[in-house]
Every structure is written in structure tokens, then in C-alpha cells.
A.B. asks: 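Okay, handing you the structure first.
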Amino acid sequence: MTELNFIDGAHRAGSGSETLTIVDPSTGETVATGASANATDVAEAVAAARRAFSDWSRRTPGERSDIMLAWADLLEARAEEIAALESRQGGKPIRLAEGFDIPGSIDNVRFFAAAARNLEGKASAEYSAEHTSSIRREAVGVVGSIAPWNYPLQMAAWKALPAVAAGNTIVLKPSELTPLTSLIFAETAHEAGMPAGVFNVVTGTGAEVGAALVEHPDVDMVSFTGSTRVGREIGAKAAGAVKRVHLELGGKAPFLVFDDADLEAAARGAVAGALINGGQDCTAATRAYVQRPLFDDFVARVAELMESVRIGAAGDPETDLGSLISIAHRDKVAAMVDDAEANGAKIVCGGEIPGDAPEGTAFYRPTLITGAAQDSTIVQEEVFGPVLVALPFDTDDEGIALANDTPFGLAASAWSTSVFRTQRASREIQAGCVWVNDHIPIFSEMPHGGYKASGFGKDMSQYSFDEYTNVKHVVSDITAAAHKEWHDLIFTSDQG
Ligand code: NAD
């Protein structure tokens with residue numbers, strides 16, 4: 001049995017009655033088993049985080065930064081091991097884990113190590129003749145962070161790094177399907193010198209452990225990445241307790257191709273953007289709107305490229321597309337595709353489990369769909385699988401309107417060789433990120449976060465400090481007078 005919690009600087013078994021089994025869904029093999037945490041473990045982790053807060057929040061930025069730089073080195077030294085684990089617990093192709101998940105997370109640690117030293121309030125100044133004002137940015141306190149399974153280490157990094165860099169302490173609940181790399185993340189932070197209790201991990205289901213964390217009265221802030229459905233629930237609870245909350249939720253990214261676009265670039269971009277991580281990516285390209293003159297050629301080329309993708313076990317370096325996270329999730333994806341077909345859409349390629357998929361695995365073929373109605377479920381709701389819908393449009397106005405026509409607003413891309421069209425699309429598409437002639441790349445220095453039902457607040461970049469700090473206005477009298485002029489508004493005694 002693996003100890004699936006890291007509390008107060010030590011690995012610990014959970015106190016819950018449930019045994020969690022972490023499975024490689026691309027082989028069906030068990031990767032680890034361990035006891036689930038329960039509300040008692042959450043309370044202990046929150047208490048440890050509270051005890052650690054006053055020391056950690058008072059460390060100088062330089063001290064926090066040095067520890068984080070050492071942390072990045074420890075992660076780098078174990079990068080191969082972490083990538084293998086990340087790949088297995090998610091059915092994620094090892095090439096993706098090695099080339100994206102792990103280096104991206106390490107780069108994030110280094111970015112926040114530097115950013116910690118650049119966190120500043122506004123310079124002092126006089127906004128009245130009698131006072132000097134200054135701004136302090138202070139850590140919020142104990143942060144309860146909840147992460148999804150799709151990019152386990154990167155999501156843990158996006159939640160934990162700005163929080164601890166700014167002097168907060170955290171209790172992270174990874175997905176119960178994929179906790180293993182988050183545990184190494186917390187362990188290496190501690191080895192690098194982060195005091196016990198600053199970074200804790202509790203593993204269990206959302207309904208039990210996640211809810212206990214959100215509802216704990218000593219958690220000052222909840223930071224959540226996951227589905228819009230759960231985000232709504234957490235947001236309502238946080239509002240009830242007047243707790244700060246940061247929500248990174250679902251997406252349904254449009255991929256808008258104008259008729260002057262480079263067709264080959266757009267087709268390749270659509271396949272990569274739709275299939276990354278098996279389409280289990282909140283920013284994945286899901287709705288390709290293609291201006292009519294290019295539509296047929298786009299569909300043909302995307303289908304051809306999708307058919308060339310090699311499906312296989314996560315650990316095989318030849319594998320392009322691993323499995324989905326679980327059989328239950330694969331079945332949900334398949335049901336959504338079947339429903340689209342039953343409602344008149346056409347499956348151009350894919351739309352099924354590969355015939356040779358071994359028993360107990362969760363593979364699904366790359367799928368291209370045309371002919372779906374704009375208001376249908378497959379176009380409006382998150383599928384979170386290797387499924388792209390392509391629909392034609394005629395005028396630029398129509399294309400942009402269709403791109404905006406879902407409840408989500410996380411990411412989008414616009415493809416054109418005209419600067420006027422791409423500038424217009426960047427301005428008018430309602431999303432936290434608009435790529436121009438590309439789709440997916442992210443950088444530690446730049447923010448990630450949603451509009452509309454995709455949530456609010458930013459991960460990564462200096463902007464994320466706005467979530468994890470309180471802004472305090474300090475006002476100092478500079479007159480040294482006992483009788484201040486403004487007192488006369490309240491009382492007019494001339495004594496003294
Ligand atoms: P999910 O919402 O089911 O679960 C996310 C996390 O919340 C898990 O750790 C889960 O255990 C926990 N949880 C579930 N119910 C809870 C509850 N009632 N109280 C507290 N915690 C609870 O999402 P998922 O299936 O793990 O991940 C996929 C979703 O995440 C997709 O919708 C995807 O778009 C979204 N996502 C968003 C971003 C972003 O940056 N916006 C990034 C990655 C994933």
C-alpha cells in the first residue's frame with residue numbers, strides 16, 4: 001500500500017475506510033493502492049498549514065525563492081521517474097509527459113522562484129497633505145487547493161506555486177485518480193527546505209475529502225481547477241462562508257479558420273490541438289468553424305491526419321495517443337458521440353473504441369464530426385476526449401458569433417493570413433486566451449484563466465499573485481498633530 005498523503009512534512013496513510021486504486025488506463029495495470037484520506041486527515045493537514053503560516057509568510061522573498069530554486073533542481077534530478085509515473089497514472093503518452101508536463105512544471109517552479117522576489121505593492125505616496133499611504137501585499141493564509149486528473153503535476157504546480165511563493169501555506173487535494181506525482185511534488189519541496197506544513201497533500205474523493213477541505217473554517221481561500229459543475233458548487237459554498245475563491249473551470253475552445261488561412265497549418269494545428277492529452281485538455285480545440293471555401297479540404301485533411309495517429313500504451317515512446325483516464329470516462333465520451341450521430345451528425349472518422357483495444361483499457365479513436373447543429377450537446381458541452389466537431393460558416397461576423405456561442409470562454413484560436421481578421425478575432429472572441437495561427441502553447445510568464453462559465457482568476461504569471469495576496473492600505477499621519485482638522489466635522493470642542 002502506498003501512503004497517499006503528505007502532511008506536516010511526512011508521508012502518511014489516509015485514515016479513511018476506502019482503498020483507492022490508481023490504474024494505468026492504457027494497460028489496465030494497477031500502479032498503486034492506498035487508503036483514502038478522510039475529514040480527520042484534512043483537519044490535521046489544515047492545522048499543520050496554519051501552524052506553518054506565520055513563519056513561512058514572514059520569510060523574506062529571497063529565502064522563499066532559494067528554497068524554490070533548490071526544489072526545481074530536485075524535481076529535475078527525478079524528472080525521468082516523475083514522467084514515467086505521470087504517464088502511467090493517466091494513460092498519458094510518455095513523450096507528452098517527458099516533453100510537456102514535467103519540464104513545464106519545473107519551469108513553473110523556477111518562474112515563481114523569481115517572481116517571489118518581484119512581488120511588490122505600490123510605492124509610498126501622499127494622497128492628502130497629512131498622510132503617507134503605502135500598499136502591502138500580504139499572503140491570504142491557508143489555501144485549500146483542488147486539482148483535476150488531466151495534467152496532475154502541472155495542475156498541482158499551477159495551484160501551489162503562486163500560493164507558496166507569496167507566503168501562503170496550502171493543502172492540496174489532487175484527483176483521487178492521479179495523486180502520485182503531487183506527492184513527489186510536496187516531498188521534494190520539503191527536501192528542498194520548505195518547512196513542514198507549508199505544502200500538504202490529502203488524497204480522497206471530491207465528495208468527501210474535497211468537500212471537507214472547502215468547508216473547513218480555517219481554510220482562508222479555495223483554489224479549484226476542474227469542471228464547471230463542481231466549480232459552481234464550490235463557488236456557492238465559498239460565497240456562503242465569504243471565503244476567497246479562484247475557479248479554473250471547463251472549456252469548449254473554438255478554432256476559427258478564415259478562408260485566407262494556410263490550410264495545412266490549420267489542419268495540423270486542429271489535429272494537435274484536439275488530440276493533445278487525448279483531448280482531455282481544458283483548452284483543447286473542440287469546435288472548428290471553417291469558412292466555406294476551405295471547409296471540405298479542411299475536413300478531408302484533418303481526417304487523414306487523425307487516421308495516421310498511433311494509439312497505444314502510455315509508456316511506449318511510439319504512442320501518439322494514449323487512453324482516456326478511465327473506462328467510465330471513455331464511455332461518457334462514446335455516449336456523447338453516439339448521441340450526436342443519433343441526432344443527425346456525421347462521423348467522418350473514429351467514433352468508436354479501437355477494435356484491438358485490450359480488455360480493461362480506455363482507448364477511443366480520434367474522432368471528427370460534421371453536420372452537428374450549433375445548439376446540440378456535442379457542440380455546446382465539454383466532451384473531454386479526442387473529438388473535434390467541424391462546422392462551416394460564411395461571413396466573418398458569423399464565424400466570430402459562432403465562436404462565442406457557448407457558455408464557456410477559456411481559450412480560442414483564429415487562423416488567417418490577414419492581420420485585420422486576426423486582430424478583430426483576438427478582440428471580439430470572449431476567452432482568456434486567443435492564439436493566432438496556433439493552438440495550445442502556454443508559458444509560465446503568461447496568465448491562464450477563463451471568461452464566462454470557464455471561471456475567473458489567473459493561474460501562472462505575475463497575475464496569479466492577485467488571487468493569492470490581500471492588498472492592504474497602510475495610512476500614516478505625517479502631521480503629529482493631536483487636533484486634526486477633519487475632527488471638526490465630528491466634534492467642535494475647543495478644549496486643547
Ligand atoms: P472534476 O470537477 O470532476 O474534479 C476536479 C477535482 O475536484 C477533483 O480533485 C475532484 O475529486 C474534486 N471534486 C469533485 N467533486 C467535489 C466536491 N463536491 N467538492 C470538492 N471537490 C470536489 O473535474 P475532473 O474530471 O477531475 O477534470 C476535468 C475538468 O477539469 C474539465 O472540466 C476541465 O475542463 C477542467 N480543467 C480546467 C482547467 C482550467 O485551467 N480551466 C485545467 C484543467 C482541467
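Both counts, for ligands and for their atoms, begin at 1 and track the order of listing. All values reported here derive from a predicted model rather than from experimental measurement.
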A.B. asks: In terms of side-chain geometry, is the basic nitrogen of Glu248 or Lys159 positioned less than 4.0 Å from the acidic oxygen of its partner?
C.D. replies: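 Answer for the salt bridge query: no.
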
A.B. asks: Any side-chain heavy atom of Val164 sitting closer than 4.5 Å to one from Met68?
C.D. replies: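 Result yes, sub-4.5 Å side-chain heavy-atom pair found.
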
A.B. asks: Which protein residues come within less than 4.0 angstrom of ligand 1, counting heavy atoms only?
C.D. replies: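 If the criterion is a heavy atom under 4.0 Å, then ligand 1 touches Ile146, Ala147, Pro148, Trp149, Asn150, Met155, Lys173, Pro174, Ser175, Glu176, Gly206, Gly210, Ala211, Phe224, Thr225, Gly226, Ser227, Val230, Glu233, Ile234, Glu248, Leu249, Gly250, Gly251, Cys282, Glu382, Phe384, Leu410, His448.
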
A.B. asks: Taking salt bridge (Lys or Arg N to Asp or Glu O under 4.0 Å) as the definition, give me every residue that meets it alongside Glu98, ordered by chain and number, with sequence neighbours left out.
C.D. replies: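 Once residues adjacent in sequence are excluded, Glu98 has no partner under the salt bridge (Lys or Arg N to Asp or Glu O under 4.0 Å) criterion.
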
A.B. asks: Could you check, using the six-membered ring where one of them is a Trp, whether Tyr289 and Phe298 have ring centers closer than 6.0 angstrom?
C.D. replies: no

A.B. asks: Would the Trp149 and Phe384 ring centres measure less than 6.0 Å apart?
C.D. replies: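 Between Phe384 and Trp149, which both carry aromatic rings, the centre distance is below 6.0 Å.
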
A.B. asks: Out of Leu180, Leu161, Ile82, Leu172, which one pairs with Phe185 under the side chain to side chain contact (heavy atoms under 4.5 Å, CB included) rule?
C.D. replies: Leu161

